[in-house]
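Only one structure is covered here, and it is reproduced in the block below.
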Amino acid sequence: MLDPQKITSGITNSIALKMRVGASISEPFVLSTYASSKQLPKSGSGGKKQRGLTNVFATHGKASGSSDGYATVAAQGDGVHVVDISTLHPVISHTLGPSTTFACPAITRNVEDGVDSICTTYAAISTSSDVTLEDSGRTIWMWKDNLSGPLEDRASQKKKAVVIQHQISGLYTCDEIPTRIFAQSLQAELSILDEELNVKNTWPAPKDTSSVIRTFLYSHTLCSFSPSLSTSQTGALLVSVDASKNSTRVRLLSLDDEDRVSELGSSSIPIKPDQILDLSCSPSGFMSFLSRDGTWSSYRLTYKDSTVELSVVSEPLRLTGLTFPSKASTEGASLLSLGSSHVLLSALTASTTPEIVLLLWDLQYSVLLASQALPIPSTLAQAADVTVQLTLVPASSSQVVLILSPHTSDATRKSKGTPSRSSVLVVPFTCPEHSTIANAMGQASSGAKWIERETASSSAGVAPHDPARTKVLSTMKTAMDKNLPQAANVAFFEWEKRESKATAEASTEAGSLQAVLSHGFVRDLLTTVLQPSKPANAPYSSEVVRYLLNRKLLSSSMIDGGLLSALRYKNDWQSIELAFDNVIDLSEGEIIESLQFVVARHRTTVTPQDGNAMEVDSTTDVPSVPTFLSLCVSYTTTPPALRLALRRSLKEAEEILPVLRILENWTKQWTKRDIKLLPSKKEIVKDTHGIPVLKKQTTEGTRDLPSLPNVLSFLQTLLDASFLILLQHAPAHPVLRSIQEQIEPEVSLIDDMEQLRGPLETFAKAHTKAVKEAGQDKRKKPVGDWRQRRKQAHEQAGLSVGLYQLEELVL
């Protein structure tokens with residue numbers, strides 16, 4: 001008889017699917033637009049993303065009166081405008097005239113002072129009629145507005161101007177030190193100012209730094225890459241990416257609440273500063289660098305034991321289909337970290353009619369999670385000397401700000417024509433808080449159009465093997481080209497023996513160790529021995545394939561079309577059987593395609609050994625249908641994908657019926673087995689605490705008879721996919737009736753046994769409680785006599801309001 005518990009377990013396991021957190025990018029909406037200024041500063045300062053010929057700067061700040069916060073926009077030749085993102089209405093506007101330009105983005109601090117809401121705006125002025133040439137780039141203007149007061153008071157508010165000792169390329173604030181403003185120069189000089197712009201401390205520029213590429217400021221509590229600092233003190237961490245001659249360094253500074261600055265260390269990366277188009281950094285320490293040739297590299301920043309380290313997270317991506325600017329340009333692409341290893345990329349497509357694309361990537365797994373495309377606004381003049389500059393700015397947890405501004409060369413900046421306008425857009429999005437493999441699964445194909453496909457030669461150029469591995473691959477390829485698979489076997493296993501011996505000698509662990517084989521080397525090795533481009537009767541080295549299978553080093557994605565298809569093409573069914581046991585990513589499509597091949601081969605009664613059969617060093621015949629079906633049934637699959645594969649491959653009733661008969665026979669064998677209501681004495685053992693428990697039952701299926709849950713799951717999926725086809729095929733009717741006759745009594749038995757759940761549940765809970773309490777440390781929980789337990793119960797009842805109790809409150 002059928003075991004009801006097994007049936008329930010099988011059904012549960014077959015339908016259980018892990019839920020993933022979705023990622024999406026919604027259509028952007030316009031926050032504001034501004035006319036482009038012709039009074040921009042000269043583009044010689046280089047370096048930062050929002051510098052030089054940028055027409056509009058923007059930052060985001062939290063505000064108690066707005067759910068989405070305020071955007072502070074500094075428009076060149078116009079002024080500073082604070083806009084409520086929730087209502088799209090301006091909160092504060094400081095019009096400064098066409099002669100005023102900004103050195104960096106303006107920032108806003110919003111605080112509550114009793115019933116008043118105070119908004120303080122800071123802007124670094126590059127040029128203005130009110131600023132002398134000597135003070136240009138070193139002047140900070142401040143406005144303090146009471147948003148709770150009347151509008152006429154805001155209009156009469158005067159600005160405060162302060163000049164510091166160095167040029168300003170960035171202004172920053174930190175939530176953990178809310179009373180401080182940080183001003184940094186392009187040469188990495190740092191000044192700490194209070195709310196009224198009084199200088200509290202100055203940090204000199206490092207001698208080995210020529211310019212700052214990008215700066216990030218995070219609170220100590222948010223920096224998970226520095227556990228010692230996040231819990232020890234209040235302050236901020238400044239991550240500065242600097243250019244030093246031809247090298248790029250990442251410096252880490254600690255800023256405390258007493259205005260002290262200390263350098264924690266630095267680390268270099270193998271990317272030249274002039275090749276960096278943009279970069280991103282998250283509070284978790286995940287950094288990514290986008291080069292001008294489209295290479296996207298990922299690093300993990302850590303600070304431990306007073307050492308700053310940068311480690312490679314994954315192989316670099318090579319992007320394609322996007323426009324990347326030349327060496328002298330700064331427009332074209334922008335990066336923004338959304339937390340963890342999630343990075344948002346904005347760029348222009350490389351097409352005759354370019355458009356703007358927003359791509360949300362999980363760089364830890366190199367997959368695209370979401371995308372959005374939008375046309376270039378008509379307000380941006382499209383001319384030979386005007387291109388679109390993209391800038392992403394962090395906002396709330398579900399929104400980012402995208403700035404679209406025209407980028408014009410110095411020589412043609414004052415050319416005649418229709419003036420362009422810059423646009424500030426808000427992009428809503430959803431993104432998982434953490435990077436997980438569950439969210440990355442199934443997303444590999446979504447980003448294929450944006451990733452340059454590696455060829456065999458390019459792969460070797462990107463990630464070359466060491467000389468020994470390169471030599472053995474070359475020797476094996478030469479042997480395979482000469483149709484000498486045995487020579488390839490000898491070359492590989494001699495190298496493997498030497499490598500294993502060297503690994504064992506270098507290791508301190510006892511026992512024999514095997515050679516370490518990387519993913520890229522195994523992929524190239526498999527391509528060399530399989531030679532999928534050659535005819536089917538070409539000899540190949542099955543010994544090397546089976547060695548890799550037994551070590552569980554192969555993946556189905558290493559071969560175009562799937563591993564099973566390549567092995568079936570070589571008629572190596574012994575390796576196919578090993579693949580079912582040792583490869584975890586066989587797709588449902590290639591599994592059912594192989595099943596259809598076996599069924600069709602036996603239907604036509606064509607033996608695989610004939611005059612045209614290939615010569616293989618060790619091959620086997622096509623297995624029987626029950627043998628191969630057992631492999632398919634026992635392999636872990638998902639019902640939706642399996643159902644689709646069955647519909648695509650098993651289209652004829654004559655192909656489905658043999659499979660259905662085998663499943664019906666297996667079901668009949670399971671129904672004939674007796675079910676034990678009470679275990680025997682041999683099946684009851686005592687655990688380590690002396691409690692009687694049921695001995696673990698070994699009811700797993702065999703190769704001749706798969707387990708019942710697997711049989712029922714496959715049978716149900718097969719009927720879902722092809723029931724209508726079987727109904728139209730008269731020879732299938734007896735088999736369907738037989739299955740019904742076997743299933744109906746078992747369903748009735750399950751309903752009858754369900755009535756025992758209530759009476760037996762009390763004993764099951766008592767036994768579970770006994771096993772649980774036996775495993776607890778009795779010394780920590782003294783039992784005591786009944787008087788102590790009763791007194792303790794009364795004390796606990798008096799301390800809290802328990803279930804079914806009332807408590808009277810007198811106000």
Worked check of side chain to side chain contact (heavy atoms under 4.5 Å, CB included) between V427 and L358
CA-CA 9 Å; V427 183; L358 298 168; 3.7 Å; yes
Could you check whether any side-chain heavy atom of S420 comes within less than 4.5 Å of a side-chain heavy atom of S36, counting everything from C-beta outward?
yes
Looking only at side chains, do T120 and W143 share a donor and an acceptor under 3.5 Å apart?
no
Under 3.5 Å, is there a donor-acceptor pair linking the side chains of E112 and S64?
yes
Are Q184 and T215 linked by a side-chain donor-acceptor pair shorter than 3.5 Å?
yes
Side-chain contact, heavy-atom cut-off 4.5 Å: L193 with F182?
no
Check for a donor-acceptor pair, side chain of T430 on one end and backbone N or O of S24 on the other, with a separation under 3.5 Å.
yes
So do Y172 and L238 actually touch side chain to side chain, heavy atoms under 4.5 Å?
no
Verify whether one side chain among D242 and S244 offers a donor that lies under 3.5 Å from an acceptor in the other.
no
Under a 4.5 Å cut-off applied to non-hydrogen side-chain atoms, are L301 and F286 in contact?
no
Are R214 and D278 close enough for a salt bridge, meaning some N to O gap below 4.0 Å?
yes
Kindly indicate whether the side chain of H81, heavy atoms from C-beta on, has any atom under 4.5 Å from the side chain of P90.
no
Evaluate the side-chain proximity of V426 to P28: yes if any heavy-atom separation is below 4.5 Å, no if none is.
no
Assess, by modelled atom type and distance only, whether the side chains of S423 and T33 contain a donor and an acceptor separated by less than 3.5 Å.
no
Can a donor-acceptor pair be found between the side chains of S67 and S86 at a distance below 3.5 Å?
yes
For E176 and T221, which I'm curious about, is there any donor-acceptor pair between the side chains at under 3.5 Å?
yes
Sub-4.5 Å side-chain heavy-atom contact between W141 and V131
yes
How many angstroms lie between NE2 in H60 and OG in S396, if you round to the nearest 0.5 Å?
5.5 Å
Side-chain donor-acceptor pair under 3.5 Å between S311 and R300, yes or no?
no
Would you tell me whether S435 and D362 have side-chain atoms, one donor and one acceptor, within less than 3.5 Å of each other?
yes
Under-4.0 Å salt bridge between E258 and K200
no
